[in-house]
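Okay, structure first, notes after.
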Amino acid sequence: MKRGAGQLINFRDNARRAIENPTLRRAMRHATESFRQKRSDAIVGIPFEEWREQASELRRTVIGDIKGYVDEFAVNATKRGAIVHRVKTAGDARDLIGAILKDNGAKNIVKSKSMVTEEIHLNKHLENLGLRVIETDLGEYIIQIAGETPSHIIVPAIHKSREQIGRLFCEKLSCDFSDDPTVLTNTARKILRQEFLTADAAISGANCYIADTGSIVLFTNEGNGRMVTTLPPLHIVVTSIEKALPSIENLPLLMRLLPRSATGQTLTSYLSIITGARMPGAATGAKQLHIVLLDNGRSEIAKGPYREILKCIKCGACMNVCPVYGMIGGHAYDSTYPGPMGVILSTLLNGIENAHPLLDATTLCGACTEACPVKVPLLKLLYELREMRVDKGYNQTVESLGMAGFGIAAKHAHIFQAGQTSARALWSLAGYLSPLTVNRLPKPTNRTFRRRFS
Ligand code: SF4
């Protein structure tokens with residue numbers, strides 16, 4: 001959903017609050033370090049660079065002709081009995097999905113993880129229509145009962161410790177306290193199993209859709225994706241238009257890159273390829289399959305200078321390596337997509353007038369660009385958006401004054417030297433004014449290059 005005029009993202013205050021929360025920081029450090037290590041291990045001994053290059057080329061081809069792939073997919077999926085809907089805005093998508101569910105008399109809906117449904121704020125809309133929506137991915141289920149939004153696109157509850165989840169289950173599900181992941185998973189499993197069996201309808205996302213077969217593909221690590229997409233009689237897939245793969249033959253490349261980059265797995269636990277609605281005589285599958293392809297500004301982005309962000313396959317690797325995200329988690333970004341790719345996509349989807357504070361959520365270290373399995377030039381896009389922010393006059397006065405001051409100092413050695421001395425003296429004070437800055441930047445040294453040289 002696009003933010004309205006004046007709904008400025010208050011990134012600085014959000015980040016400050018996150019930094020002052022030691023439990024959050026501990027959970028984030030532990031999770032991101034573990035994902036980074038697993039990813040590094042998973043790409044040893046394989047031609048990762050070669051695959052990245054191929055995937056980058058493939059995704060570039062797709063975003064060069066999104067409409068063509070949507071058309072081809074719609075023809076092939078319709079032939080297999082699916083009903084394909086193309087929607088322009090988040091509001092159109094919400095209205096359409098609400099209408100499909102109402103027309104079919106659905107009341108209880110089970111969901112498998114879908115960031116696009118988060119983008120359009122679907123759950124709230126359906127609940128306002130009197131429908132009951134249950135998230136069935138464990139991470140999504142945790143944040144749903146906590147009344148929160150995802151903090152990571154792959155690991156929604158990344159910001160929570162095991163103890164916090166144990167206390168949450170105790171309070172909301174009236175069970176005994178435990179912080180053992182097996183016990184917690186079994187508690188959720190027991191409840192969710194009943195939901196799968198009694199649901200009237202299902203909603204899922206898709207990691208990609210395949211133009212030449214009309215299939216949608218889901219990569220999941222829990223059995224919930226299979227339950228959601230096969231048990232209820234009505235299944236609605238909600239995905240965005242840029243997620244095309246031209247051919248089923250391209251799928252193995254994505255199967256190699258996505259799990260390795262997301263969680264450090266060589267293969268995802270469950271790969272589901274769904275082609276059309278249930279055929280007569282088939283034992284499983286939804287009798288009615290609707291596929292909602294959301295544009296929500298992407299066609300415009302695809303025509304512009306930031307189009308390469310649409311190459312993104314939503315693996316989350318750029319978040320796991322980002323020093324800013326690793327310190328503050330996803331909620332500080334106050335938008336569906338956090339981390340480096342989120343800063344770019346959220347700025348483009350919400351408008352720079354609402355999202356420009358997010359452009360501070362980077363150290364411009366470039367780790368995200370190196371980690372990206374489809375070579376989205378994240379660093380370049382971040383630079384260019386920051387330039388756009390300056391051109392449009394959204395940069396902060398203090399930043400403009402700072403840059404002007406630095407310009408003068410860089411041209412006059414004695415001013416530069418005086419600046420270095422005062423920076424050292426004022427550093428401890430800066431900690432009170434901006435903890436984020438102090439955590440991001442190294443402390444000014446006592447032995448500067450100039451001193452050593454002389
Ligand atoms: S930008 Fe690249 S690394 Fe980040 S989520 Fe997208 S594909 Fe993954």
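Atoms within each ligand, like the ligands themselves, are counted from 1 in listed order.
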Salt bridge E57-R60, side-chain N to carboxylate O under 4.0 Å: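 Here E57 pairs with R60 in a salt bridge, since their nearest N and O are under 4.0 Å apart.
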
Ion pair E195/R132, N-O distance below 4.0 Å: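 Salt bridge: yes.
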
All pairs passing side-chain hydrogen bond (donor to acceptor under 3.5 Å, both in side chains) where residues 297-306 contributes a residue, at least two apart: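 Counting only pairs at least two positions apart or across chains, the side-chain hydrogen bond (donor to acceptor under 3.5 Å, both in side chains) contacts touching residues 297-306 are E119-R298, E242-R298, D295-S299, E300-K303.
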
Pair listing, side-chain hydrogen bond (donor to acceptor under 3.5 Å, both in side chains) test, anchored in residues 245-257, at least two apart: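 Qualifying pairs, neighbours excluded: D212-S247.
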
Lys NZ or Arg CZ of K314 over Y337 ring: under 6.0 Å, within 45°: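 Satisfied, under 6.0 Å and within 45°.
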
Count of N, O or S atoms belonging to protein, less than 2.8 Å from atom 6 (Fe) of ligand 1: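 Of the protein's nitrogen, oxygen and sulfur atoms, 1 lie under 2.8 Å from atom 6 (Fe) of ligand 1.
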
Could you list the donor-acceptor pairs under 3.5 angstrom formed by side chains in residues 140-149, with sequence neighbours left out?
from : atom 1 : to   : atom 2 : distance (Å)
Q144 : OE1    : E135 : N      : 2.9
Q144 : NE2    : V133 : O      : 2.8
E148 : OE1    : H159 : NE2    : 2.7
E148 : OE2    : K160 : NZ     : 2.9

